[in-house]
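FYI, side chains are in, hydrogens and waters are out, and symmetry mates aren't considered; it's all heavy atoms of this structure. Chain letters run A, B, ... following the sequence lines, proteins first, then strands; residues in each count from 1.
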Number of protein chains: 2
Amino acid sequence: MAVTIKDVAKRAGVSPSTVSRVLSNHPRISTETSRKVKLIMEEMGYHPNIMAKSLVSKTTNSICIMLPKSAEELFSNFFFMELIRGIVTQASRLGYDVLISSGSNEKEEVDGVSRLLNGRRVDGVILLYSRKDDPVIDFLHDNGHNFVLIGRSEQYPDILSVDNNNVQASYDATKHLISLGHERIGFVSGPPHLVVSKDRLKGYLDALHDAGLESKQEWIVEGEFLQESGYRAMSFFMNLPDRPTSIVLIDDVVAFGVLRGLNELNYKVPEDLCLVSFNNIPLTELSTPPLSSIDIGIYNLGYTASQVLIQSIQNSNDASYQKRQIIPHRLIVRDSSMYSVPKH
Amino acid sequence: MAVTIKDVAKRAGVSPSTVSRVLSNHPRISTETSRKVKLIMEEMGYHPNIMAKSLVSKTTNSICIMLPKSAEELFSNFFFMELIRGIVTQASRLGYDVLISSGSNEKEEVDGVSRLLNGRRVDGVILLYSRKDDPVIDFLHDNGHNFVLIGRSEQYPDILSVDNNNVQASYDATKHLISLGHERIGFVSGPPHLVVSKDRLKGYLDALHDAGLESKQEWIVEGEFLQESGYRAMSFFMNLPDRPTSIVLIDDVVAFGVLRGLNELNYKVPEDLCLVSFNNIPLTELSTPPLSSIDIGIYNLGYTASQVLIQSIQNSNDASYQKRQIIPHRLIVRDSSMYSVPKH
DNA sequence: GTGAAAGCGCTAACAC
DNA sequence: GTGTTAGCGCTTTCAC
């Protein structure tokens with residue numbers, strides 16, 4: 001049997017409540033008692049029972065992350081691990097534990113989150129992605145739970161969220177290619193039900209429009225966050241009679257797929273095709289050629305999400321803070337886009 | 001206020017204990033009562049309070065993962081994310097939640113694990129790495145906690161662990177190069193305090209020895225699990241008067257660093273240098289040339305660790321199961337090692 | 001098959 | 001500044 005607050009109290013010759021007060025650094029406790037009690041705790045190897053504390057305080061000091069049903073199909077592992085690192089780091093700094101949950105379909109996700117939240121095991125949830133018509137968001141929103149979305153919800157513009165300005169980021173990427181003289185620019189998007197895909201598509205189109213450039217439907221391809229998508233998009237583009245001279249890609253991994261395909265067909269990057277992608281994972285500098293990419297501050301996204309969620313948990317009443325946090329992005333130009341189109 | 005077991009009991013006209021029995025599918029409960037109570041639970045939106053249950057049952061149905069202090073410095077993110085995916089998948093299947101913890105130094109790690117375990121918040125721990133003289137292992141071992149190590153402990157050979165046969169895996173990789181006619185084979189190791197580094201070094205040396213080949217001290221380089229280490233090792237090797245014609249590398253990411261360096265110096269892989277590394281991350285097939293690598297079944301390591309830990313939690317008494325599980329490895333040969341040394 | 005009662009380890013009024 | 005008391009929501013003997 002573990003040593004409890006009562007055991008400590010008895011040994012110290014004080015009441016359990018005094019011990020409890022020492023534990024929580026209650027102001028009205030004598031330095032003397034506090035010192036003595038702390039000593040005895042140390043001596044007896046006392047450890048507060050977190051569950052018991054939670055039960056009475058009605059707060060768990062933990063938050064939960066929902067992993068998407070099939071992480072490997074949606075995003076690169078790198079993305080999620082970075083996010084998690086950011087979340088966990090900031091959470092521990094604020095004294096919160098992080099629980100990881102996942103479900104193999106949307107129903108399981110809702111059930112899991114419901115069990116954890118309604119069962120009072122966690123105080124809030126971080127959603128790592130934003131998709132259209134997400135029943136998990138509906139559930140969280142309708143039941144007044146604390147949660148923050150990494151990304152953007154179209155349905156609930158007013159919920160707590162941490163996001164990049166993806167429209168602007170994609171605009172920047174496209175603008176970069178335009179400034180190099182490119183006039184035929186393609187776009188490889190992600191799954192259409194993800195908000196991030198839509199935002200980046202919009203930025204791309206806006207940039208073309210503002211520059212007075214043509215946007216052809218056939219220059220836009222949808223796919224997954226997978227190499228295969230890039231590979232397929234590449235072979236589609238390269239067979240076009242009027243093929244693009246450069247592409248903006250939703251994700252580095254997709255760009256790697258394009259790179260591989262181009263390599264097999266003996267095309268040269270950037271001479272035959274310029275590439276700019278998103279996420280700036282470490283391997284972008286290692287590929288041949290190194291890949292231009294938009295750094296979206298993944299760690300920072302996670303870190304901030306953690307921060308915002310815990311803040312909202314701690315003052316559920318006032319909502320003085322920013323509902324929507326934007327993490328800055330930054331275009332990192334590397335060899336894959338260092339080629340100006342010759343004037344004609 | 002959330003609806004409790006009492007509320008349900010009152011509404012159903014039964015006692016709280018009956019409701020509790022329905023919840024845990026007690027055998028001696030009438031089908032009729034059970035049906036009725038379940039209906040009312042549904043109606044009232046009842047959710048069992050996990051904390052309260054834990055408090056009395058003295059079991060939390062959750063396990064904890066310790067993230068190494070600086071994941072980014074030690075291993076690739078990919079490795080950890082795969083591990084976590086495996087762990088979380090199997091844990092949820094068995095009805096366990098997974099908590100992620102981390103510390104910025106060994107003391108914080110011990111404190112964190114101690115708080116969680118002694119505070120009765122988790123039932124067991126998975127350690128994601130094995131280093132020499134790890135105080136976390138000491139703590140876990142000395143206090144009789146449930147834990148499993150992914151890797152191997154030199155100090156405690158008898159603890160629960162899930163590992164590859166790293167000696168054999170490294171032997172296989174080296175043998176592969178030998179069979180291609182290589183006689184000067186280098187080895188780029190990881191941090192020397194990690195057991196995995198030692199095991200793989202041993203396999204490499206054994207293979208050389210069994211083949212009657214020379215092993216030179218200068219052909220062995222230690223580093224981190226970072227590209228930079230590979231880069232540095234490469235420039236060291238290539239400046240040797242009697243330089244190796246092939247290298248075994250502790251990790252794919254390190255191999256990428258070598259690849260970049262060779263590229264910059266206009267060396268060709270595999271003609272000038274053959275490479276075989278470990279982990280077989282998805283990008284190994286995308287690099288130029290694609291990288292030969294040992295697939296160590298990362299997901300499987302995590303999955304099995306989860307399984308073994310939960311098993312040990314559930315029957316703390318009997319120890320009929322295997323103390324040490326070995327996950328099979330598999331050499332994937334790609335272009336980076338497809339070059340036989342010309343006979344002389 | 002079901003109920004009454006005690007108690008898991010802790011906190012928080014309310015006393016003094 | 002400290003003790004007393006009640007109770008958080010649940011399980012689990014022990015009755016009947």
Residue whose nearest DNA chain D nucleotide is more 5′ - B:S24 or A:I29 | A:I29

Indicate whether OP1 or OP2 belonging to C:dT11 is found under 4.0 Å from a side-chain N or O atom of A:S57.
-> no

Looking only at side-chain atoms of A:V56, point me to the closest of C:dA4, D:dC8, D:dG9.
-> D:dC8

From the options C:dT2, C:dT11, C:dC10, select the nucleotide whose nearest atom is closest to the side chain of B:S30.
-> C:dT2

Between atom CZ in B:R21 and atom P in D:dT11, what is the gap in whole Å?
-> 11 Å

Looking at OG of A:S130 and CD1 of A:I150, how far apart are the two atoms once the value is rounded to the nearest 0.5 Å?
-> 9.5 Å

Under 3.5 Å, is there a donor-acceptor pair between the side chain of A:S54 and the main chain of A:I50?
-> yes

Touch class at under 4.0 angstrom, heavy-atom based, for B:L55 against every strand present = base

Verify the distance criterion only: is there a donor paired with an acceptor across the side chains of A:Y156 and A:D138 at less than 3.5 Å?
-> yes

May I ask you to verify if any side-chain N or O of A:K58 is less than 4.0 angstrom from the OP1 or OP2 atom of D:dG9?
-> yes

So, is A:T18 near the phosphate of D:dG3, with a side-chain N or O under 4.0 Å from OP1 or OP2?
-> yes

Rounded to whole Å, CG of B:N49 lies from P of C:dG9 at a distance of 17 Å

Short N-O contact, B:K323 and B:D158, less than 4.0 angstrom | no

Does the side chain of A:S17 get closer than 4.0 angstrom to OP1 or OP2 of D:dT5 through an N or O atom?
-> no

How close or far is atom C1' of C:dA6 from atom NZ of B:K6, stated in whole angstroms?
-> 13 Å

Within this structure, what is the CD1-to-C1' distance between A:I50 and C:dC10, rounded to whole angstrom?
-> 12 Å

Length of the CE-C1' vector between A:M51 and D:dG7, whole Å = 19 Å

Whole-Å distance between D:dT12 P and B:K53 NZ?
-> 8 Å

With no hydrogens and no angle check, do the side chains of A:S15 and A:T18 hold a donor and an acceptor under 3.5 Å apart?
-> yes

Respond yes when some side-chain nitrogen or oxygen of A:T4 is under 4.0 Å from OP1 or OP2 of C:dG9, and no when none is.
-> no

Value in whole Å for how far the C1' atom of D:dC8 lies from CZ of A:R121 = 17 Å

Tell me what B:T33 touches on the nucleic acid: a base, only sugar-phosphate, or nothing, going by heavy atoms under 4.0 Å.
-> sugar-phosphate

Assign each of A:P16 and A:P27 the nucleotide of DNA chain D bearing its closest heavy atom; nearer the 5' end lies the nucleotide of A:P27

Just how far, in rounded Å, is P of D:dT2 from CZ of A:R35?
-> 13 Å

Quick one: on DNA chain C, does A:R28 or B:G13 contact a more 5' nucleotide (nearest heavy atom)?
-> B:G13

Enter the inter-axis angle for the ends of the helix from C:dG1-D:dC16 to C:dC16-D:dG1 (five pairs per end, rounded to 10°).
-> 30°

Does the side chain of A:E106 come within less than 4.5 Å of A:V136's, by heavy atoms?
-> no

Side chains of A:Y303 and A:R85: does their closest heavy-atom pair fall under 4.5 Å?
-> no

A:D7 and A:R11 ion-paired at < 4.0 Å | no

